[in-house]
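First up is the structure itself, then whatever we jot down about it.
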Amino acid sequence: MRQRIIHVILFILLTSAFTTSAQQHLTNIGNFVTSNGDTIYNCTIGYRTHGKLAPDSGNVIIYPTWFGGTSEHINGLIGPEKLVDDTEFYIIVFDALSNGVSSSPSNYKGPNAFPDITINDMVKSQHYLLKNVMGLDSIYGVIGGSMGGMQAFEWVTEYPDYIKKAVSYVSTPRPTSYDLLQWNIRLEIIDSYRKLGAEDSQIWKLLDMQSSLLARSPAWLVENIDQNEFETYMLKFDGIHKNIFTLDNYRSQLVAMISHNIFRHYNNSIEETVNTIKANMLVMVNKTDHLVNPIAAQDFAANSDTELVLLDNNSGHLGIGVELKYCGKTIREFFRK
C-alpha cells in the first residue's frame with residue numbers, strides 16, 4: 001500500500017504541470033505473473049505521455065505499440081491533425097512487453113529465462129501500472145494498430161468497465177488460419193535457421209523479405225518496385241542488425257500474437273464475447289491487408305454494435321498511412337462523440 005501511494009504521488013508530480021511530455025519513462029511494477037503462471041521478475045514497463053491531464057483525469061487515452069514498435073515510433077501519429085489529438089486528450093503510449101524497452105528477452109535480468117507471454121499479459125501489465133501506480137480507476141479510451149489493436153481488443157474484453165471507447169485498426173480479435181500460417185512460417189524460420197547455425201543477419205533478411213512481401217498488396221509491389229532495379233531493391237535486406245528489437249524479442253511477440261484470442265473465455269463465441277463488451281468501438285481495416293487478415297475484424301463488427309471502416313487501397317497493412325487525413329478525422333470524431 002505504501003509503495004502504491006509513493007508511486008501515485010510521483011505520478012501526480014510528473015503530471016501536475018499539465019504539460020506535454022514525450023520523454024521515455026520506465027516504471028518497475030514488481031514481479032509480474034503471466035497468464036501461463038510464470039514470473040517476470042522486476043517487470044518494467046516503458047511509456048511516454050502527450051498532452052495535458054484533465055483535473056478529473058477523464059481525458060486519458062492509451063496507445064499500446066504495434067509489433068516491434070516503441071513508444072517513440074508512435075510520436076508521429078499524435079497531434080491535432082493525426083490519429084489522436086493531444087490538445088484534447090492526455091495520451092499514454094505504452095511500450096508493449098518484449099519490444100526491447102519494456103521487460104523483454106533482450107534486457108531481462110531475472111533468475112529465470114524470460115517466459116512466453118501473451119497479448120493478455122501486455123494488457124494486464126499496463127492495467128497494473130495505470131491503476132496501481134498512476135492511480136487511475138478508469139480511463140477514457142484506447143487506440144492501437146496491428147498488434148496494438150490486438151491489445152485494444154483485449155482491453156475491452158479483459159476490463160469491460162475500465163474503458164469507454166476503443167479503436168483498433170488493421171488488427172484482429174483473433175488470428176485467422178491465414179494469419180496463423182504465415183506467422184508460424186516466421187517462427188519456423190527463426191527456430192530452424194538457428195538450429196542450422198545461421199547468423200542473425202541471415203534470419204533477419206528472410207523475415208524482412210517476408211514482411212515486405214506481405215505489408216503491401218501485390219499490386220502495390222508491381223507498381224512501385226521497378227523490376228529493372230530489383231537487384232538494387234534487394235540490397236536493402238542485407239546486413240540487418242537490430243539492437244533494440246532483437247530476434248529473441250521478435251520471437252516473443254510473435255508467439256504472443258499466435259496465441260491471441262479474445263473469445264477464449266467465452267466458448268470461442270463471438271456472440272457471447274461481444275455481449276460482455278461495454279466500450280464503444282471503432283474498427284478500421286483494409287481489404288488488401290495481407291499481413292493481418294481483415295476478415296475476423298469484419299465478422300466481429302458485423303456481430304456487434306462496432307463501427308466499421310473498410311478501406312480499399314492497394315497499400316495493404318500500411319493503408320492507414322495512405323489515407324491518414326481521412327482516418328485521422330474519423331478516429332478523432334469517434335473519440336469526441
Side-chain angles (χ1 to χ4, degrees), residues 32-38 40 62-69 94-99 102-105 114-127 142-160 162-163 166-188 190 207 211 214-215 245 249-270 272-274 276-277 279 281 283-286 289-301 303-304 306 317:
F32 177 77
V33 179
T34 70
S35 54
N36 294 322
D38 300 313
I40 302 175
I62 61 172
Y63 202 148
T65 48
W66 50 72
F67 182 81
F94 278 117
D95 289 286
L97 289 172
S98 293
N99 78 336
S102 291
S103 285
S104 310
F114 191 84
D116 286 344
I117 60 165
T118 64
I119 301 296
N120 183 259
D121 292 327
M122 297 175 186
V123 167
K124 283 185 174 178
S125 66
Q126 295 159 17
H127 176 263
V142 57
I143 178 173
S146 196
M147 191 188 76
M150 296 177 202
Q151 291 167 77
F153 274 118
E154 191 72 47
W155 263 104
V156 298
T157 48
E158 183 68 30
Y159 302 105
Y162 199 78
I163 288 181
V167 176
S168 178
Y169 61 91
V170 291
S171 190
T172 184
R174 179 185 184 181
T176 65
S177 54
Y178 170 87
D179 299 317
L180 291 173
L181 177 59
Q182 55 127 331
W183 296 348
N184 273 282
I185 289 173
R186 295 182 187 222
L187 193 61
E188 189 66 23
I190 295 172
L207 293 172
S211 293
L214 298 173
F245 194 58
N249 296 345
Y250 188 113
R251 189 187 189 284
S252 181
Q253 288 197 344
L254 186 61
V255 168
M257 291 198 303
I258 289 171
S259 67
H260 170 57
N261 176 14
I262 68 166
F263 310 126
R264 65 194 181 282
H265 294 312
Y266 304 98
N267 300 311
N268 284 321
S269 166
I270 295 179
E272 289 186 36
T273 303
V274 299
T276 69
I277 296 173
M281 289 196 70
V283 167
M284 188 174 287
V285 293
N286 194 356
D289 193 340
H290 293 272
L291 201 60
V292 179
N293 189 279
I295 290 176
Q298 291 175 252
D299 288 345
F300 175 90
N303 285 277
S304 64
T306 298
H317 194 64

- Do S269 and F263 have side-chain heavy atoms sitting under 4.5 Å apart? no
- Item | Shortest non-hydrogen contact between T172 and H260, atoms and distance | O-NE2, 2.9 Å
- Query: With no hydrogens and no angle check, is any side-chain donor or acceptor of S146 less than 3.5 Å from a backbone partner on W66?
  - Reply: no
- Message: Ignoring hydrogens, what is the shortest heavy-atom contact between L254 and W183? Give both atom names and the distance.
- Response: CD2-O, 3.6 Å
- Quick one: pull up CG in N293 and CD in Q182 and give me the separation to the nearest 0.5 Å. 9.0 Å
- Item | Donor-acceptor pair, side chain of T157 and main chain of F153, under 3.5 angstrom | yes
- How about M147 and I119: do any of their side-chain heavy atoms sit closer than 4.5 Å? yes
- Item | Gap between atom OG of S103 and atom CG of D121 - 0.5 Å precision | 12.0 Å
- Message: Could you check whether any side-chain N or O of Q151 sits under 3.5 Å from a backbone N or O of T65, counting only pairs where one atom can act as donor and the other as acceptor?
- Response: yes
- Message: Is the shortest side-chain heavy-atom distance between Y159 and E154 below 4.5 Å?
- Response: no
- Is there a side-chain contact between V255 and Y250, using heavy atoms and a 4.5 Å cut-off? no
- Task: Mark yes or no for whether S259, through its side chain, and A256, through its backbone, hold a donor-acceptor pair below 3.5 Å.
- Result: yes
- Message: What verdict does the side chain to side chain contact (heavy atoms under 4.5 Å, CB included) test give for V167 and M281, after you've listed the backbone C-alpha separation in whole Å, the side-chain angles of each residue and the deciding distance to 0.1 Å?
- Response: CA-CA 6 Å; V167 176; M281 289 196 70; over 6 Å; no
- Query: Taking atom types as modelled, is there a side-chain donor on T176 or D179 under 3.5 Å from an acceptor on the other?
  - Reply: yes
- The reported gap from CD in Q298 to CG in N303 (rounded to nearest 0.5 angstrom) is 12.0 Å
- Task: Check the pair I262, F300 against side chain to side chain contact (heavy atoms under 4.5 Å, CB included), reporting the backbone distance first and the verdict last.
- Result: CA-CA 11 Å; I262 68 166; F300 175 90; 4.0 Å; yes
- Item | Nearest non-hydrogen partners of G144 and A152, listed with the distance | N-CB, 4.5 Å
- Message: Nearest 0.5 angstrom please: I277 CD1 to T273 OG1, how far?
- Response: 7.0 Å
- Message: Just by distance, no angles: are the side chains of D116 and N36 close enough, under 3.5 Å, to form a donor-acceptor pair?
- Response: no
- Query: Can you check whether L187 reaches I258 side chain to side chain, under 4.5 Å on heavy atoms?
  - Reply: yes
- Query: Is the closest side-chain heavy-atom distance between W155 and H127 below 4.5 Å?
  - Reply: yes
- Query: Looking only at atom types and distance, does a side-chain atom of N99 sit under 3.5 Å from a main-chain N or O of G69, one as donor and one as acceptor?
  - Reply: yes
- Message: Please identify which of these residues, N249, D95, I117, meets the side chain to side chain contact (heavy atoms under 4.5 Å, CB included) condition with S104.
- Response: N249
- Query: When you look at V283 and T306, which way does the side chain to side chain contact (heavy atoms under 4.5 Å, CB included) test go after all the steps?
  - Reply: CA-CA 7 Å; V283 167; T306 298; 3.5 Å; yes
- Task: Give a yes-or-no answer on whether the side chains of S35 and T118 include a donor-acceptor pair shorter than 3.5 Å.
- Result: yes
- Query: Between Y169 and Y63, what is the ring plane arrangement, given parallel below 30°, perpendicular above 60°, and tilted in between?
  - Reply: perpendicular
- Task: Hey, could you give me the OH/CG distance between Y178 and L180, rounded to the nearest 0.5 Å?
- Result: 12.0 Å
- What are the two closest heavy atoms between M122 and L97, and how far apart are they? CE-O, 3.8 Å
- Message: Let's go through V33 and D38 carefully: what are the C-alpha distance in whole Å and the side-chain angles of both, what is the deciding distance for side chain to side chain contact (heavy atoms under 4.5 Å, CB included) to 0.1 Å, and is it a yes or a no?
- Response: CA-CA 6 Å; V33 179; D38 300 313; over 6 Å; no
- N120 and E158: side-chain donor and acceptor closer than 3.5 Å? yes
- Message: Under a 3.5 Å threshold, yes or no: a donor from one side chain and an acceptor from the other, between R186 and S211?
- Response: yes
- Message: What I'd like to find out is whether the side chain of H290 reaches to under 4.5 Å of the side chain of H317, using heavy atoms alone.
- Response: no
- Short question: side chain of D289, backbone of V292 - any donor-acceptor pair under 3.5 Å? yes
- Please report the closest heavy-atom contact between E272 and Y266, naming both atoms and the distance. OE1-O, 3.6 Å
- Message: Please report the interatomic distance CD1(I40) to OG(S98), rounded to the nearest 0.5 Å.
- Response: 7.0 Å
- Where M257 and F67 come nearest, the two heavy atoms and their spacing: CE-CD1, 3.6 Å
- Task: Decide yes or no for Q126 and P64: does some side-chain heavy atom of the first lie under 4.5 Å from some side-chain heavy atom of the second?
- Result: yes
